[in-house]
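These notes concern the structure reproduced below.
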Amino acid sequence: MIEPDRILRLEADRVVLLDQRRLPDVEVEVECFSAQDVADAIQAMVVRGAPAIGIAAAYGYALAAARGEDLATADRVLRASRPTAVNLSCALDEMREDPSFERARILHEDEVARCRRMAEHAVALIRPGTRALTHCNAGGLATGGYGSAVGALVAAHERNLLEHVWVDETRPLLQGARLTAWELEAAGVAHAVIADSAAASLMAAGAVDCVMTGADRIAANGDSANKIGTYGLAVLAHHHSIPFYVVAPTSTVDLATATGVAIPIEERAPAEITSRFRARNPAFDVTPAALIAAIVTEAGVHRAPFADSLAAEVAPA
Ligand code: MRU
C-alpha cells in the first residue's frame, strides 16, 4: 500500500501532493502554499479521486486558516475546483468549525480507515476465482491511502479470492492504465490493461465475473456518478448478467441530491481529447441505481432499493 503521507500531506507551511499526472513514469511532488494553489492543483488533477480531493481541500483550508487567509474566499475557491465529487464540499463543511491542522489530518485518517472497513464488507461479494473489471482509479491514490474499489480488490487478492483484474485504460486521462495498473502491480495482483472498448467482448466471452468501481457522488436513491464510461460498463454488465458493484465511503453519499439527474457533471477542457478538432469532454456519467447490484460503504453492503438503507446510515448535512 502506498503510504498516505506519500500521496498527500500537510506540512507547517504547505500542502504537498504526489503529482498523479506524472505517474507511473516519474514520482514528483507539487507544493501548494495557499488555498488557491491547492484549488489549482485539484482542478489540474495533480490530486484526483473523490476522497483524495476532499482531503486536499481540508488541508488547503487548514493552511489558509494558519496563514490568515480570508476563509470565505478559501472555501469558495476550493469548493469550486471540481464540481462532481461531493467529498469536496463534505470535507469543507467538516472543517468550518475547526480549521486546524489536527482536524484536517484526522479527516485524512478517517478516510483511510473507512476504506479498510469497506474492503472487509466488499470481499464478502467476491467468490473464489473471480475475474473482476474496474474503471478509472479507485485505489489509494484516489482516497489518500488504501483505496475503495481497488482496496477491496487487493483485500480479495490477499484472501486468495481474486484470479485477475481487467483494468480499463480510462480515456482520456488514462487513470486505469497509469494509476490502477501501477497500484495493482505494487500489490502483486494479476491484472491486464484493456482498451475501454474491449469490455463488451470480454464480458460476452465469459471472462468477467463482476465489475467493481468507485463513485464521486451517490444520490439519495443510489444513482451513482463516476468516471465517464462507468454507465456504459453498467449497461454491459446488466446485459451479460454480471453484478456491478459500487464501493464508496459515506462521504460520497449525498442525501441532499435526490437522484442522479441533479448531480453536476464536470465538463473538462476539450484539449484533453484533441487539440485539432472540436470536442466534448464530460468527465463523469451517472449509473442508475437499477443497474447497481450493491453499494458497499464502510457500514456494510446495501442492496436495492437503496434509499432507506443509505438514509439510515448517512447523517443529513
Ligand atoms: O477524474 P478523476 O480521476 O478524479 O475521477 C475519479 C473517479 O472517477 C473515481 O472512480 C472516483 O473518484 C472514486 S475514487 C475512490
Side-chain angles (χ1 to χ4, degrees), residues 1-2 4 7-8 17-23 41-57 81-88 90-91 108 111-112 114-119 122 133-154 167-183 196 211-218 224-234 244-254 263-269 272-273 281-287 292 295-298:
M1 174 183 142
I2 314 165
I7 300 165
L8 74 170
L17 306 168
L18 179 62
D19 191 344
Q20 298 192 29
R21 299 169 303 181
R22 309 282 303 277
L23 293 173
I42 293 171
Q43 212 291 319
M45 293 175 64
V46 172
V47 59
R48 32 69 47 207
I53 63 178
I55 298 160
S81 56
R82 291 192 78 190
T84 302
V86 75
N87 305 64
L88 193 56
C90 184
H108 189 172
E111 281 296 7
V112 179
R114 281 188 187 115
C115 286
R116 291 186 181 279
R117 298 209 296 280
M118 271 184 271
L133 188 149
T134 191
H135 190 66
C136 194
N137 171 261
L141 290 166
T143 61
Y146 200 82
S148 57
V150 172
L153 293 172
V154 171
V167 181
D168 265 8
E169 61 176 354
T170 315
R171 290 270 157 189
L173 297 180
L174 305 181
Q175 290 93 328
R178 295 185 301 106
L179 308 178
T180 301
W182 189 62
E183 291 196 42
D196 296 337
V211 179
M212 199 168 263
T213 73
D216 276 73
R217 188 185 300 232
I218 299 173
S224 299
N226 193 52
K227 178 54 52 194
I228 191 77
T230 305
Y231 172 39
L233 278 178
F244 179 92
Y245 301 125
V246 172
V247 184
T250 47
S251 53
T252 300
V253 178
D254 179 13
I263 296 177
I265 299 296
E266 178 183 12
E267 183 93 24
R268 292 187 61 84
E272 287 180 351
I273 296 178
N281 189 10
F284 298 93
D285 56 26
V286 175
T287 297
I292 300 173
I295 297 174
V296 184
T297 69
E298 70 272 18

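Numbering of ligands and ligand atoms starts at 1, following listing order.
T143 contributes no side-chain N or O that, together with a main-chain N or O of A138, makes up a donor-acceptor pair within less than 3.5 Å. Using a distance-only test at 3.5 Å, with no hydrogens or angles considered, no donor-acceptor pair links the side chain of S148 to the main chain of A248. Side-chain N or O atoms of Q20 include none that pairs as donor or acceptor with a backbone N or O of M45 at under 3.5 Å. Without hydrogens or angle criteria, D285 side chain to I228 main chain gives no donor-acceptor distance under 3.5 Å.
In this structure, T134 OG1 and L153 CG are separated by 6.0 Å, a value rounded to the nearest 0.5 Å.
Taking the salt bridge (Lys or Arg N to Asp or Glu O under 4.0 Å) definition, one finds that R117 meets it with nothing, sequence neighbours left out.
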Could you go through ligand 1 and list every pair where one of its N or O atoms sits under 3.5 Å from a protein N or O, giving the atom names and the distance to one decimal?
| unit_1 | atom_1 | unit_2 | atom_2 | d |
| --- | --- | --- | --- | --- |
| ligand 1 | 1 (O) | R82 | NH1 | 3.4 |
| ligand 1 | 1 (O) | R82 | NH2 | 2.8 |
| ligand 1 | 1 (O) | K227 | NZ | 2.7 |
| ligand 1 | 3 (O) | R48 | NE | 2.9 |
| ligand 1 | 3 (O) | R48 | NH2 | 3.2 |
| ligand 1 | 3 (O) | Q175 | NE2 | 2.9 |
| ligand 1 | 4 (O) | G49 | N | 3.0 |
| ligand 1 | 4 (O) | R82 | NH1 | 2.8 |
| ligand 1 | 8 (O) | D216 | OD1 | 3.1 |
| ligand 1 | 8 (O) | N226 | OD1 | 3.1 |
| ligand 1 | 8 (O) | K227 | N | 3.2 |
| ligand 1 | 10 (O) | N226 | OD1 | 2.6 |
| ligand 1 | 12 (O) | A50 | N | 2.9 |
| ligand 1 | 12 (O) | D216 | OD1 | 2.8 |
| ligand 1 | 12 (O) | D216 | OD2 | 3.4 |

